[in-house]
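Okay, structure first, notes after.
All of these numbers come straight from a predicted model, not from anything done at the bench.
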Amino acid sequence: MKINYGRQNSDDDGDNYIREARVSYKTDILFASRKELEEWAKKRGREHGCVVVVQRSRAKAVDLGCNCGGEPKLTAKIRRTCSIKKGCPFKLKGKHNRVGNFWKLEVVNETHNHDPFIFKEGHAYLRRMSGEMVDMVARLHADGLKTQKVAPLFRKRFPGAWFIDKDIHNLTEKWRKENTVGDTPMQVFESFLINNGFVYHTRENRATNRVEGVFFCHDTSHKMWRASPHLLLIDTTYNTNMYKWPFVQYIGMTSTSKSKSFCIAHAVLLRERQTDFTWPSGTSKVWDYIHQSWLLRDKEKFVSCWMADRLNFGETTTNRVESHHANLKRHLNGANNTLHALAAYALELIETQKVQIGATFEKSRITLKKDHNLQVFYRLHYKVSIKALTLLHKEYGKLEKMTESGHTCRHHMRMSMGLPCACELERHLNTCVPIPLKSIDPFWRKLDFDPVVAQVEEEDFEAKMEELKQTVLIRKD
């Protein structure tokens, strides 16, 4: 097949011209199907700067033409659109032969009134994506990748495809609108929370009737919290008291007596903090000295000393929470995110976190490290976390050093970790009795996501509140 482009024909003023292009589509090829005929004609057109499209299709015939065929629509619309229609007369016809059961291509008009294309990417028809391409864009978009990151991956997977970034953006925007319910961002956000298993509460300003706070928690997070209610880490991004409302909402999701006692104690502490203490005369200078010389500079050391004797399972800072915040920010890819996009990214992190935690649980149930293969740990194998055995092995290594230095056990492992300390380990070694499982805090024995059943007797909460008040008053005096 050969294309011969004719010379430019114009009038004396040079205002109008027609460039004729003759493409020889005459062929003796017999096609087994209409699809085979169409693909052959389209491929030959692309090879010679022509976009061939189906203009009309019937059971035993098909009309093919140039994508510039037909007249442009001049009717004004809301959107300012453009048209490539130039009234190109190029036309082919495919016919089915009943006798031989084959398809034959017939040339009706092989003339074009325009130049051949140079850049295929400029033609939307050539950029149309196959089903496989659309599926890949959908998967990458569902994974939270932006158009700028999807396009390079797409080009590597389909090196022969012609597309521009706008095509991917249009696809993702179409999906976003299809999945959008409601008119306002808040309606879209609430719809997303309801459809994806979130529990949420809102706080409105009664004067302006505007939402000023939203608390939401996914069911998976709630189940993981119920499975491990032993420790709760809270971190605030800003130095404000804005965390109080979401904190109360989250604690309110639990209904055990244990959580009620916690809420009462928290309320008393807040009240104590807000109380304006009256210092005895002559002590203000002492307080200023302590505050300026000790607390501002070394307050972390005081906290660490206090935490060493409190059950904290090794979590003495909020670094772990801050790392989760940083991970979420990396998924957000900037500040321009909708509320439901924020919840979607949080849901992805929650699901990933559950898988990772489940993997560590199973590893502890089936794996035994060589360092942990000691007779004193025999009853703990496959029943406590690997982290707990690692801490115990480290404490086990302190025994020899304590004997040489003459130091005594300060019981930090028992008080802060809920694990046998050095003196307990020494006692088990001397008696040749393995550490019993019950001497390990339930925190380290929890290797599944089943909810913890709180074995707490009903309490007189009014009496408990009064007792806490009296404790606060004694401390003030």
Go through the steps for Phe192 and Leu339 under the test side-chain contact (heavy atoms from CB on, under 4.5 Å), then give the verdict. CA-CA 9 Å; Phe192 179 86; Leu339 288 172; over 6 Å; no
Please evaluate residues Leu389 and Lys369 with respect to the criterion side-chain contact (heavy atoms from CB on, under 4.5 Å), reporting the C-alpha separation (whole Å), side-chain torsions for both, the decisive distance (0.1 Å), and the verdict. CA-CA 9 Å; Leu389 290 173; Lys369 291 187 175 182; over 6 Å; no
Mind running side-chain contact (heavy atoms from CB on, under 4.5 Å) on Glu36 and Trp103 for me, showing each step along the way? CA-CA 9 Å; Glu36 183 180 336; Trp103 286 76; over 6 Å; no
Applying salt bridge (Lys or Arg N to Asp or Glu O under 4.0 Å) to Lys35 and Glu38, what does each step give before you reach the verdict? CA-CA 5 Å; Lys35 182 178 180 181; Glu38 293 176 4; over 6 Å; no
List the steps, then state whether side-chain contact (heavy atoms from CB on, under 4.5 Å) holds for Arg44 with Val52. CA-CA 9 Å; Arg44 293 297 181 270; Val52 178; over 6 Å; no
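Side chain of Asn430 to backbone of Glu426: a donor-acceptor contact under 3.5 angstrom is found. Checking side-chain atoms of Trp444 against main-chain N and O of Met417 turns up a donor-acceptor pair under 3.5 Å. A side-chain donor-acceptor contact under 3.5 Å links Ser364 to the backbone of Ile386. Judged by distance alone, the side chain of Ser385 and the main-chain N or O of Ala388 form a donor-acceptor pair under 3.5 Å. Listed for the Ser191 side chain is no donor-acceptor partner under 3.5 Å among the backbone atoms of Gln187.
For the residue pair His222 and Cys217, the shortest heavy atom distance occurs at N-SG, 4.0 Å. Nearest heavy-atom pair, Tyr345 versus Leu328, reported as atom, atom and distance to 0.1 Å: CB-CD1, 4.1 Å. Smallest separation of non-hydrogen atoms from Cys50 and Phe117: N-CE2, 3.3 Å. Pro116 and His48 get closest at one heavy-atom pair: CB-O, 4.0 Å. Considering every non-hydrogen atom in both Leu193 and Ala343, the closest pair reads CD2-CB, 4.0 Å. The minimum heavy-atom distance between Gly197 and His218, with the atom names listed, is O-CD2, 3.6 Å.
Rounding to the nearest 0.5 angstrom, the gap separating the CZ atom in Phe377 from the CG atom in Leu425 is 6.0 Å. Atoms CD and CD, from Glu204 and Glu212 in turn, are 9.0 Å apart once rounded to the nearest 0.5 Å. Separating the CG atom in Leu349 from the CD atom in Gln356 is a distance of 9.5 Å, to the nearest 0.5 Å. If you take CG on Asp371 and CG on Leu392, they are separated by 13.0 Å, rounding to the nearest 0.5 Å. Annotation: the span from Met402 atom CE to Cys423 atom SG amounts to 7.0 Å, rounded to 0.5 Å. Atom CD1 of Ile435 is separated from atom CG of Leu419 by 8.5 Å, given to the nearest 0.5 angstrom.
Contact of the Leu37 side chain with the Ile29 side chain is not registered, since no non-hydrogen atoms from C-beta on lie closer than 4.5 Å. For the pair Leu391 and Lys387, the minimum side-chain heavy-atom distance is below 4.5 Å. Here the side chains of Gln353 and Thr220 are not in contact, with every heavy-atom distance at 4.5 Å or above. Inter-residue side-chain proximity for Pro436 and His428 is flagged as met; some heavy-atom pair is nearer than 4.5 Å. In this structure, the side chains of Phe443 and Leu311 stay at 4.5 Å or more apart for every pair of heavy atoms. Using a 4.5 Å heavy-atom cutoff, the side chains of Asn373 and His381 are in contact. Within the 4.5 Å cutoff, the side chain of Lys383 has no heavy atoms near those of the Leu447 side chain. Residues Ile440 and Pro420 form a side-chain contact, since some pair of their non-hydrogen atoms from C-beta on lies under 4.5 Å apart.
Classification of Glu395 and Lys398 as a salt-bridged pair holds, one side-chain N sitting under 4.0 Å from a carboxylate O. Ion pair Lys354/Glu351 not flagged as a salt bridge, since none of the NZ, NE, NH1 or NH2 atoms sits closer than 4.0 Å to an Asp/Glu carboxylate oxygen.
Aromatic ring centres of Phe189 and Phe216: separated by under 6.0 Å.
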